[in-house]
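These notes are about the structure you will find just below.
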There are 2 protein chains.
Amino acid sequence: MINSQYNYPTFHLAVDCIIFGYEEDELKLLITHRNFPPAQGEWSLVGGWVSENETVEAAAARVLFQITGLKDIFMEQVFVFSEPDRDLGGRVISVAFYAMIRIDKHDRDLVNEHGAEWWTLKEIPNLIFDHNSMVEHAHEKLKQKAGYELIGKNLLPGKFTILQLRTLYEAIFQRKFDPGNFRKKILSLKVLERLNDKNTADSKKGAFYYRFINRPQEFMQDRIVRQ
Amino acid sequence: MINSQYNYPTFHLAVDCIIFGYEEDELKLLITHRNFPPAQGEWSLVGGWVSENETVEAAAARVLFQITGLKDIFMEQVFVFSEPDRDLGGRVISVAFYAMIRIDKHDRDLVNEHGAEWWTLKEIPNLIFDHNSMVEHAHEKLKQKAGYELIGKNLLPGKFTILQLRTLYEAIFQRKFDPGNFRKKILSLKVLERLNDKNTADSKKGAFYYRFINRPQEFMQDRIVRQ
DNA sequence: ACAAAAGTGTTTCGGCTACACCCATGC
DNA sequence: GCATGGGTGTAGCCGAAACACTTTTGT
């Protein structure tokens with residue numbers, strides 16, 4: 001045990017990361033084969049132990065880096081899971097974090113080395129312990145966030161069309177949005193900048209590419225889209 | 001250490017409770033004199049250690065009960081605080097919870113025994129460690145919740161006037177609401193039931209008392225009030 | 001009579017929704 | 001020519017906000 005003047009029970013502390021990515025018009029999740037007992041070989045979220053001298057946030061960022069090679073990614077606490085028997089190997093408190101990353105930018109070899117794979121959100125298999133519940137909580141948080149600020153900077157490529165952005169939102173919210181209204185709403189936020197080149201792969205006419213303006217979004221009083 | 005097949009660092013685990021109450025048209029907070037070293041005697045949130053076989057939720061409920069005598073109160077996770085040096089006495093991870101209670105219903109003697117006191121939210125003194133930050137986080141969560149569902153069941157007396165409810169909301173959001181519009185909006189939610197007696201203490205004309213209908217509120221798509 | 005809160009009504013304004021409709025182009 | 005997505009326009013509806021106004025009664 002670490003240096004402490006307290007005489008009270010202590011607990012193992014873990015972080016589990018719900019890593020969202022976006023590819024082929026689908027919201028995906030990075031999951032891995034657990035490589036230590038118990039439940040070795042079963043599907044699991046990417047996780048790790050918190051070290052003696054780091055915050056849970058730092059641990060989550062470290063775990064994300066170790067498996068994807070990506071740094072400085074926005075991550076957010078989702079929930080603390082603390083059922084005494086949630087982990088078959090002992091008493092472990094776990095703090096869940098979610099992240100959104102660009103699949104085209106991460107280190108695929110590193111992911112493969114770790115035996116991790118991208119799964120479509122809808123087709124996630126049974127995960128160990130309470131990890132499926134963590135995914136649900138994280139998906140709710142993601143919808144919450146996406147409803148109040150325009151996300152996509154960390155999920156879409158550097159330049160993208162409004163259609164791609166709308167398809168991302170449709171994947172997140174699992175519902176359709178009216179193309180015209182979505183466009184008008186999104187552009188009214190003034191957080192996107194139109195580029196001069198067009199995407200001609202997805203439509204005959206060609207659609208302008210956009211990118212995020214390099215300026216932090218202020219807090220939105222009202223929803224961008226509804227659930 | 002508890003039984004475990006893992007060989008990793010372990011941590012002290014605490015819960016800290018941000019207990020909101022409402023009295024004299026003011027939102028108040030229950031804080032206490034810390035009764036063990038370090039920082040003994042300084043102002044602190046009500047907190048406690050998580051026991052070996054309970055969840056953090058159970059620990060928070062137990063702590064709330066021990067100091068107020070109240071059970072079955074809605075509590076919600078606020079945030080995990082894990083800075084390595086946040087607690088002067090050792091490495092302690094703390095999960096913050098908030099609760100709303102009826103000041104007129106709790107056990108005042110029990111609170112006094114523990115050296116705890118109600119303070120107006122605006123006048124909270126310096127608290128130990130990161131507790132002031134916890135209060136801010138909890139206040140944000142409270143505003144979030146109050147913006148999306150009508151709260152007050154656990155803060156107001158069993159019957160109350162629309163004025164009392166509005167004053168509560170004004171205390172939470174630290175801003176004024178238009179009396180007519182607030183009334184119409186709140187009543188349109190159909191979660192209050194008008195009683196037959198009137199409050200004649202606060203107005204000459206007399207205002208009908210209302211109470212919450214005994215039915216859970218469904219999730220609100222839009223805000224009730226804005227920040 | 002006056003003040004103060006209760007309660008209702010009204011008008012304006014802006015945003016969301018559901019469309020219709022033209023544009024550009026590859027097939 | 002036709003289908004497909006790009007992009008713009010518009011009519012209707014609804015709710016928020018601002019505020020006028022009437023009611024009631026204690027002082």
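In what follows, every chain begins at residue 1, and chains take the letters A, B, ... in the order their sequences are listed. All figures in this text were calculated on a predicted structure; none of them were measured in a lab.
For the pair A:Lys145 and A:Phe74, the cation-pi criterion (under 6.0 Å, within 45° of the ring axis) is fulfilled.
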- prompt: In B/S/- notation, 5' to 3', how is nucleotides 21-27 of chain C contacted by protein heavy atoms closer than 4.0 Å?
  reply: --BBBS-
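Atom CD in A:Gln221 sits about 14 Å away from atom C1' in D:dA17, given to the nearest Å. Separating the CG atom of A:Asp202 from the C1' atom of D:dG7 is a distance of 16 Å, rounded to the nearest angstrom. For the pair B:Ile186 CD1 and D:dG15 P, the interatomic distance rounds to 15 Å; values are reported in whole Å. One interatomic measurement links the two molecules: NZ of A:Lys185 to C1' of C:dG15, which rounds to 8 Å at whole-angstrom precision. In this structure, B:Tyr209 atom OH and C:dG7 atom C1' are separated by 17 Å, rounded to whole Å. Per the geometry, CG belonging to A:Asn199 stands 18 Å off P belonging to D:dT4, to the nearest Å. Computed from coordinates, the B:Arg194 CZ to C:dA6 C1' distance equals 11 Å when rounded to whole Å. Nucleotide D:dG15 holds its P atom 19 Å from the CZ atom of B:Arg183, rounded to whole Å.
When the side chain to side chain donor-acceptor pair (under 3.5 Å) test is applied to A:Ser94, the partners found at least two apart in sequence or on another chain are A:Asp16. The side chain to side chain donor-acceptor pair (under 3.5 Å) test applied to B:Tyr98 returns B:Glu76, not counting sequence neighbours. With sequence neighbours left out, A:Ala59 forms a side chain to side chain contact (heavy atoms under 4.5 Å, CB included) with A:Val15, A:Val50, A:Glu54, A:Arg62.
In this structure, CD1 in B:Ile73 is found 10.0 Å from CD1 in B:Ile19, a value given to the nearest 0.5 Å. B:Ile124 CD1 to B:His139 NE2: the interatomic distance, rounded to the nearest 0.5 Å, is 11.0 Å.
Under the 30°/60° scheme for interplanar angles, the aromatic rings of A:Phe212 and A:Phe160 are found to be tilted. Using a 30° and 60° split on the angle between ring planes, B:Phe177 and B:Phe173 fall in the perpendicular class, above 60°.
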Contacts under 3.5 Å, N or O only, protein and nucleotides 10-14 of chain D:
from   : atom 1 : to       : atom 2 : distance (Å)
D:dT10 : O4     : A:Lys184 : NZ     : 3.1

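Ring centroids of B:Phe79 and B:Phe81 are separated by less than 6.0 Å, placing the two rings close together.
Side chains of B:Tyr22 and B:Ile103 form no contact here, defined as non-hydrogen atoms less than 4.5 Å apart. By the 4.5 Å heavy-atom criterion applied to side chains, B:Ser44 and B:Leu127 are not counted as neighbours.
Using a 4.0 Å cut-off on heavy atoms, the residues of residues 157-169 of chain B that approach DNA chain C are B:Leu163, listed by number.
Nearest-nucleotide mapping onto DNA chain D: of B:Asp178 and B:Asp222, the residue sitting toward the 5' end is B:Asp222.
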